[in-house]
Structure formats: structure tokens, C-alpha cells
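Before I ask anything, here is the structure I am working with.
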Amino acid sequence: MTITAPTTDAAPAQDDGEAMFDALIEADGRIEPRDWMPDAYRRTLIRQISQHAHSEIIGMQPEGAWITRAPSLKRKSILLAKVQDEAGHGLYLYSAAQTLGITRDEMTQQLIDGKARYSSIFNYPTPTWADMGAIGWLVDGAAICNQVPLCRASYGPYGRAMVRICKEESFHQRQGFEILLTLMRGTDEQRQMAQDAVDRWYWPSLMMFGPPDDDSPNSAQSMAWNIKRFSNDVLRQRFVSMLVPQAAVLGVTLPDPELRFNDETGQYDMGEIDWTEFHEVLAGRGPLNRQRLQNRRAAHDEGAWVREAAAVYAAKKSVARTETAAA
Ligand code: BYC
């Protein structure tokens with residue numbers, strides 16, 4: 001009996017594929033790895049997902065620096081678990097990007113060669129324990145605002161990875177808030193330390209949302225493809241509206257003297273973000289860009305023996321399987 005492949009398994013011709021892609025986007029459906037997609041859609045996803053993965057991996061450094069210095073065993077185990085979560089997020093995201101035809105080795109090489117972007121926020125230092133609170137509250141808080149809409153991204157593997165990531169980020173944000181709350185209920189010195197950390201992380205956390213809408217070259221197309229669901233400025237505004245009542249509970253001051261609720265617009269007016277600082281950090285001239293990459297390169301070099309051992313083990317297993325099958 002001759003079995004012929006069902007016609008639906010045949011790769012769709014570009015015209016059919018394009019029509020299906022357009023219809024799926026129009027219907028707010030999901031694109032899956034084997035579906036036809038425009039090259040530019042594939043490229044923009046690889047760009048965004050790989051940058052996001054690199055951010056999670058580089059983002060382990062500012063907090064990783066405090067694991068050995070956490071003030072108690074409980075704080076140490078919580079911080080350790082959080083930093084491990086970030087590593088996990090990086091791995092889900094590298095896996096999602098791999099479904100688009102790039103390898104993890106290629107992405108890693110781009111990062112250690114200094115050719116890939118990662119979030120500007122991770123180039124700032126963490127001089128005090130209160131920075132762990134400010135990162136959790138502000139950085140993970142900004143990440144949640146930005147990433148919850150990405151759970152509905154049109155590319156299936158990205159959206160699904162984001163669901164799990166967001167659940168963990170929301171725990172991270174609460175643990176940061178709780179660190180700050182504990183400090184704010186402590187001594188004058190502890191309150192000062194918490195306020196100082198908020199002062200240093202507030203503006204960089206607003207920069208995490210990217211440049212203003214009229215200076216964001218990728219937003220319009222990414223929104224048309226249902227990758228991004230909201231513009232950079234809309235999400236930034238939503239973040240600030242979330243922070244104001246939480247800052248009041250904490251008793252910290254957000255370091256923007258122009259921040260006030262505007263009854264007419266129903267939104268918060270804010271002071272001007274220092275976009276020169278943002279562009280300097282993106283150009284590799286932030287406070288710790290060089291060290292972050294140096295550390296990543298060193299970790300990569302130190303891990304070479306693990307990769308070699310895993311490759312040798314996998315090759316031996318494969319030979320053993322072939323010999324068993326041949327016997
Ligand atoms: N930093 O046209 P635009 C975490 C780049 S990790 C650096 O608006 P787009 C966590 C942008 O890439 C959270 N670069 O771009 C981990 C573009 O350059 P290219 C990380 C930035 O893509 C550990 C150019 O500027 N989150 O949560 O439409 C511990 C023009 O921008 C930044 C994500 O990665 C920046 N801040 O929008 C704790 C979220 N902003 O590529 C927490 C996923 C912009 O053209 N990514 N650029 O050379 C996104 O949502 C979007 O990619 C962005 C930018 C909103 C970031």
C-alpha cells in the first residue's frame with residue numbers, strides 16, 4: 001500500500017502562507033514555529049526575545065553580588081531562589097528564540113562579543129542591601145508591567161514562556177517591596193538607605209520601557225504584528241500609576257518633583273527622563289557595562305569544561321545507542 005503525505009503537511013507556498021499569516025494576525029491568533037512567517041517578523045522576534053534572554057542572564061549579576069552578604073539565612077535563600085529564577089527565565093527565552101532558527105551558541109556569542117543588547121537597567125551598581133529591595137520593587141515591577149501584555153504576543157512560544165515568567169516576576173516584586181517595607185520600619189539609617197536606593201533606581205527603571213513613542217523605531221510594526229500590545233509610553237505611564245500608591249504605603253518619596261496627578265488627563269504628569277543618560281548606557285558607557293560583559297565572558301570561559309564534558313557524554317551515549325540498535 002502506498003501512503004501519500006496529506007496535502008496539509010506540505011509546506012505552504014509563500015502566497016498561501018502569507019495569506020494565512022495575515023489572517024491569523026487579523027484574528028488575533030497565534031503563529032507557531034512551523035507556520036510561514038515574514039522574514040522581518042522572524043528577525044524582530046529573534047531581536048526582542050534574545051535581548052530579553054540576555055537581560056535575564058546579565059540581570060543575575062547585580063543581585064548575585066549580594067547572595068554572600070544577605071543579612072540573614074532567610075534573606076539569603078530567598079535571594080538565591082530569585083537569582084536562579086532569572087537564570088530559568090533566560091533559558092525559557094533562549095529556547096523560544098531557538099524555535100525561530102537561531103542557536104543558543106550564536107546568541108551567546110553575540111552577547112559576549114558585545115554585539116547584542118540587554119536591558120540598560122543592569123548596568124547600574126548595587127552598593128547596599130536596600131538595592132535588593134529597590135530592584136525587586138522597581139525593576140521587577142517595571143518588568144511585570146512590560147511583560148504581562150507579552151503573554152498575549154502573537155508568537156506562541158514567546159507568549160507561553162512569558163506566562164510562567166510573569167508568575168515568578170510577581171513574587172519577585174513582592175519580595176522587593178517587603179525588603180523595603182522592613183527597612184522603612186527600621187532605624188533612621190535603614191530608612192535613609194531604602195530612600196537612597198529608590199532615588200537611584202527610579203529613573204533607570206522608567207528607562208526600561210524604551211525610548212519615547214515618537215523615538216521608538218520598532219514599536220509601530222511590533223504592535224501591528226501583535227508582538228507588543230502597548231506602546232513604550234503607555235506602559236511607562238501605567239507603571240508610574242501603579243507605583244504612586246505603593247510608595248505611599250512604603251513611606252518613600254519618588255524622586256520626581258514634577259510628579260502629580262492630572263485631573264484632566266486622568267494620568268500622572270512626570271518630569272523629563274534624562275534620555276542622554278539612556279543613550280549613553282545603550283552605547284556601552286553606563287556605570288558598569290564593561291564589568292557586566294567581562295563577568296559574563298569569564299563565566300562563559302570557566303564553563304567551557306562543562307560544555308565539553310556534556311558534548312563528550314552525549315556523543316558516547318549516541319555511539320552506545322547505535323551499537324545496541326545494530327546488535
Ligand atoms: N535597554 O524601538 P524600540 C527582568 C533598544 S529582564 C536596552 O522602542 P522595541 C529582570 C531597543 O532594543 C527584563 N535597550 O524597541 C531580570 C531598540 O534597539 P534595536 C527585560 C533598549 O523592541 C533580572 C532601540 O532601543 N525585559 O525582568 O520596540 C532581575 C529602540 O527601541 C531599551 C525585556 O527585554 C532598554 N531599556 O521596545 C530582575 C522585555 N529600550 O534592537 C528583572 C522585552 C529600548 O533596534 N522587550 N532599547 O537595536 C521589550 O518589551 C522591548 O524590546 C522594549 C523595547 C520595550 C525593551
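Whatever order the structure lists them in is the order used to number ligands and atoms, beginning at 1. Starting from 1, each residue takes its place in the sequence as its number.
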Under 4.0 Å to a heavy atom of Glu169 - the qualifying atoms of ligand 1, by number: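 Here the atoms of ligand 1 in question are 4 (C), 27 (O).
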Ionic contact status for Arg164 with Glu169, cut-off 4.0 Å: no
Heavy-atom nearest neighbour in the protein, as seen from atom 10 (C) of ligand 1, with distance rounded to 0.1 Å: Phe122 CZ, 3.4 Å
Ligand 1 atoms in contact with Ser216 (distance to a heavy atom under 4.0 Å): 2 (O), 3 (P), 8 (O)
From the candidates His52, Met208, Met162, the one that places a heavy atom nearest atom 34 (O) of ligand 1: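 Answer by nearest heavy atom: His52.
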Tyr124 and Leu288, any side-chain heavy atoms less than 4.5 Å apart: no
Subset of ligand 1 atoms that lie under 4.0 Å from at least one heavy atom of Ala143: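 The atoms of ligand 1 under 4.0 Å from a heavy atom of Ala143 are 27 (O).
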Residue and atom name of the nearest protein heavy atom (relative to atom 42 (C) of ligand 1), distance in Å to one decimal: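 Residue, atom and distance for the closest contact: Asp140 OD1, 3.5 Å.
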Identity and distance of the protein heavy atom lying nearest atom 1 (N) of ligand 1: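 The protein heavy atom lying closest is Ser120 N, 2.8 Å.
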Taking atom 39 (C) of ligand 1 as the reference point, the nearest protein heavy atom with its distance: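 Residue, atom and distance for the closest contact: Asn146 OD1, 3.0 Å.
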Ligand-side contact atoms (ligand 1) for residue partner Ser55, heavy atom cut-off under 4.0 Å: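 Here the atoms of ligand 1 in question are 6 (S), 20 (C).
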Arg229/Asp28 ion pair, N-O < 4.0 Å: yes
Proximity of Glu63 to ligand 1 by residue part, where a heavy atom lies under 4.0 Å: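 The part of Glu63 near ligand 1 is the side chain, not the backbone.
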Ion pair check, Asp196 and Arg200, cut-off under 4.0 Å: yes
Contact atoms of ligand 1, heavy-atom distance to Phe209 under 4.0 Å: 55 (C)
Side-chain ion pair, Glu178 and Arg174, N-O less than 4.0 Å: no
Contact check: Gln51 vs ligand 1, nitrogen or oxygen atoms, below 3.5 angstrom: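 Indeed, backbone or side chain, Gln51 has an N or O that close.
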N or O contact, Ser222 vs ligand 1, cut-off under 3.5 Å: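 For ligand 1, there is no N or O atom that lies under 3.5 Å from one belonging to Ser222.
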Close N or O approach (Tyr158, ligand 1; < 3.5 Å):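 No: no nitrogen or oxygen of Tyr158 is under 3.5 Å from one in ligand 1.
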Ligand 1 atoms in contact with Arg47 (distance to a heavy atom under 4.0 Å): 12 (O), 19 (P), 22 (O), 41 (O), 45 (O)
Atom 55 (C) of ligand 1 protein-contacted (non-hydrogen atom, under 4.0 angstrom):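 It does: a protein heavy atom is found less than 4.0 Å away from atom 55 (C) of ligand 1.
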Shortest protein contact, atom 49 (C) of ligand 1 (heavy atom only):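 Heavy-atom neighbour on the protein nearest atom 49 (C) of ligand 1: Gln48 NE2, 3.6 Å.
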Approximate separation, where rounding is to 0.5 Å, of Met132 CE and Glu63 CD: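 Interatomic distance, Met132 CE to Glu63 CD, rounded to 0.5 Å: 5.5 Å.
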Under 3.5 Å: N/O of Asn232 near N/O of ligand 1: yes
Under-4.0 Å heavy-atom contact with ligand 1, by part of Phe230 that carries it: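 Phe230 to ligand 1: no contact under 4.0 Å from either part.
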Salt-bridge contact Asp140-Lys82 (side-chain N to carboxylate O under 4.0 Å):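 Yes.
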Those atoms of ligand 1 less than 4.0 Å from some heavy atom in Gln147: 13 (C), 26 (N), 27 (O)
Minimum side-chain heavy-atom gap Asp233-Gln237 below 4.5 Å: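 No, every pair of side-chain atoms sits at 4.5 Å or beyond.
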Identity and distance of the protein heavy atom lying nearest atom 19 (P) of ligand 1: Arg117 NE, 3.5 Å
Heavy atom of the protein closest to atom 40 (N) of ligand 1 (residue, atom name, distance): Gly210 CA, 3.2 Å
Atom indices of ligand 1, in the order listed, that fall short of 4.0 Å to a heavy atom of Tyr118: 1 (N), 7 (C)
Ligand 1 to Met207 polar contact by distance, N or O atoms, under 3.5 Å: yes
Distance from atom 25 (O) of ligand 1 to nearest protein heavy atom, with residue and atom: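 Minimum-distance protein heavy atom for atom 25 (O) of ligand 1 reads Leu282 CD2, 3.7 Å.
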Nearest option to atom 2 (O) of ligand 1, as decided by whichever heavy atom of Asn218, Asp85, Leu138 sits closest: Asn218
Polar proximity ligand 1 side, Pro217 side, N/O cut 3.5 Å exclusive: yes
